[in-house]
Amino acid sequence: VEGLSDAARERAMAEAREVIAMLEFRDAEIDRIDSDDVSAMRRQVERSAIALTIGDAMGFSENQAYARMSIADTLREQAPNTWQAFRRGEIDLARVRDIAHTIDLLERPESIQRLERRVVAYAADHTGAELRVWLRRFVQRVEADLAVERSNAERANRYVSVRHGDDGMGWLSAYLPSHQLAAIEGRLHRAARKPDPEDDRTVSQREADLLVSWCATSDS
């Protein structure tokens, strides 16, 4: 078991070394670009290519490279204890990503400081799923008075996404307010479970067919 724990720590430390190498390259490139005697437009173009260059070198997409560096910047500036725990391999990149996202949600510096004092100990001893639940409840608890404001702001990010896959199938996903999702879930649950001895479809298949019927035949 100790060997497994050591391997997990080494993996997390390797992730941290990757991110640090990305930051060092980015910072060196910015210094080089700023010192060159070129136009402001040329500087902007070269700066915008840094994440793409890093991604190509490390096997990431441009967005993945940018996201990793953004996470690291958030932690270095606002949660140095968490950043050092990441470097020591106490928490891995997935947990660090969730912590950085939570920091971005918090509105008050004292809330971030409170999170910083507690989160490493919890993250190191719990699964990623448990940490996400803990972080969500932390935000709700320490900034409860901002819950309505945060909910209203997040509602503006609602969307529907369609992604086509193989074999004539694909995915339909939607980011919606929880109360609307609950209403959809409840209606599907009730309608798909109405007894019909001649219907040999599974419940999941009936729910999928019902959703398609509702979406494709509605006039709204």
Side-chain angles (χ1 to χ4, degrees), residues 1-31 47-48 50-55 57-151 153-154 156-157 175 178:
V1 173
E2 290 180 0
L4 295 174
S5 298
D6 290 342
R9 179 183 289 268
E10 290 171 3
R11 184 193 69 237
M13 292 175 67
E15 290 175 334
R17 287 195 295 270
E18 277 190 343
V19 174
I20 291 170
M22 295 163 69
L23 294 173
E24 290 176 345
F25 178 85
R26 180 200 64 185
D27 294 344
E29 280 294 280
I30 290 175
D31 289 341
R47 277 173 171 261
S48 66
I50 293 175
L52 179 60
T53 301
I54 292 172
M58 304 190 73
F60 301 139
S61 69
E62 181 179 3
N63 286 340
Q64 288 174 324
Y66 180 82
R68 281 167 168 77
M69 291 186 289
S70 178
I71 289 167
D73 288 336
T74 296
L75 294 183
R76 290 198 302 179
E77 295 171 6
Q78 302 187 65
N81 292 337
T82 305
W83 172 248
Q84 292 303 322
F86 178 42
R87 297 189 62 172
R88 293 191 298 267
E90 296 174 15
I91 51 178
D92 60 13
L93 181 61
R95 289 171 173 79
V96 163
R97 181 186 298 112
D98 292 332
I99 294 169
H101 174 68
T102 301
I103 290 173
D104 290 338
L105 292 177
L106 293 170
E107 298 287 341
R108 302 186 179 109
E110 57 268 27
S111 299
I112 297 174
Q113 294 167 8
R114 186 173 174 183
L115 175 69
E116 168 80 332
R117 289 194 297 268
R118 301 180 56 190
V119 70
V120 171
Y122 188 92
D125 292 334
H126 292 78
T127 67
E130 290 171 334
L131 174 63
R132 286 190 291 274
V133 172
W134 186 91
L135 290 169
R136 185 167 61 250
R137 290 175 176 170
F138 180 90
V139 174
Q140 294 170 348
R141 184 173 64 254
V142 301
E143 294 187 349
D145 57 314
L146 300 176
V148 174
E149 178 182 335
R150 185 178 289 111
S151 177
E154 188 60 23
N157 297 324
Y175 185 56
S178 292

- Item | Residues that Asn157 engages under side chain to side chain donor-acceptor pair (under 3.5 Å), provided they are two or more places apart |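 For Asn157, the residues satisfying side chain to side chain donor-acceptor pair (under 3.5 Å) (neighbours in sequence not counted) are Glu154.
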Measuring from atom [atom1] of [X] to atom [atom2] of [Y], what distance do you get when rounded to the nearest 0.5 angstrom?
X: Arg97; Y: Arg68; atom1: CZ; atom2: CZ; answer: 6.0 Å
X: Arg136; Y: Asp98; atom1: CZ; atom2: CG; answer: 10.5 Å
X: Asn63; Y: Leu52; atom1: CG; atom2: CG; answer: 10.0 Å
X: Arg95; Y: Phe86; atom1: CZ; atom2: CZ; answer: 12.0 Å
X: Gln113; Y: Glu110; atom1: CD; atom2: CD; answer: 7.0 Å
X: Ile54; Y: Gln64; atom1: CD1; atom2: CD; answer: 13.0 Å

Closest approach of [X] to [Y] (non-hydrogen atoms, all atoms of both residues):
X: Val119; Y: Trp134; value: CG2-CZ3, 3.8 Å
X: Ile99; Y: Leu135; value: N-CD1, 4.0 Å
X: Ala65; Y: Ala51; value: CB-O, 3.6 Å
X: Ile20; Y: Trp83; value: CG1-CZ2, 3.8 Å

Could you check if a side-chain atom of [X] sits within less than 4.5 angstrom of a side-chain atom of [Y], using non-hydrogen atoms only?
X: Thr102; Y: Ile112; result: no
X: Arg108; Y: Leu146; result: yes
X: Thr53; Y: Glu29; result: no

- Any donor-acceptor pair under 3.5 Å linking the side chain of Gln84 with the backbone of Asn81?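 Pair absent, no side-chain N/O of Gln84 close to backbone of Asn81.
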*asked:* Whether the side chain of Glu143 engages the backbone of Glu107 through a donor-acceptor N/O pair (distance < 3.5 Å, no angle test) should be reported.
replied: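 Side chain of Glu143 to backbone of Glu107: a pair is present.
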Could you give the side-chain donor-acceptor pairs of residues 72-80 under 3.5 Å, partners two or more places apart or in another chain?
{"residue": "Asp73", "atom": "OD1", "partner": "Arg26", "partner atom": "NH2", "Å": "3.2"}
{"residue": "Asp73", "atom": "OD1", "partner": "Arg76", "partner atom": "NH2", "Å": "3.3"}
{"residue": "Asp73", "atom": "OD2", "partner": "Arg26", "partner atom": "NH1", "Å": "2.7"}
{"residue": "Thr74", "atom": "OG1", "partner": "Ser70", "partner atom": "O", "Å": "3.1"}

Taking only distance into account, with no hydrogens and no angle test, what donor-acceptor pairs under 3.5 Å do side-chain atoms of residues 6-19 form with protein atoms, sequence neighbours excluded?
{"residue": "Arg9", "atom": "NH1", "partner": "Arg88", "partner atom": "O", "Å": "3.0"}
{"residue": "Glu15", "atom": "OE1", "partner": "Leu93", "partner atom": "N", "Å": "2.9"}

Please check if the number of heavy atoms outside His126 that lie under 6.0 Å from its NE2 is greater than 12.
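More than 12 heavy atoms, drawn from other residues, nucleotides or ligands, come within 6.0 Å of this atom.
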| said: Can you confirm whether more than 12 heavy atoms, excluding those of Tyr66, are under 6.0 Å from its OH atom? | reply: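 Incorrect, the count does not exceed 12.
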Q: Would you verify whether the NZ or CZ of Arg118 falls within 45 degrees of the ring axis of Phe138 while also being under 6.0 Å from that six-membered ring's centre?
A: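 Here Arg118 fails the 6.0 Å and 45° test against Phe138.
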- [ ] Run the numbers on Arg150 and Val139 for side chain to side chain contact (heavy atoms under 4.5 Å, CB included), then give the verdict.
- [x] CA-CA 10 Å; Arg150 185 178 289 111; Val139 174; 3.6 Å; yes
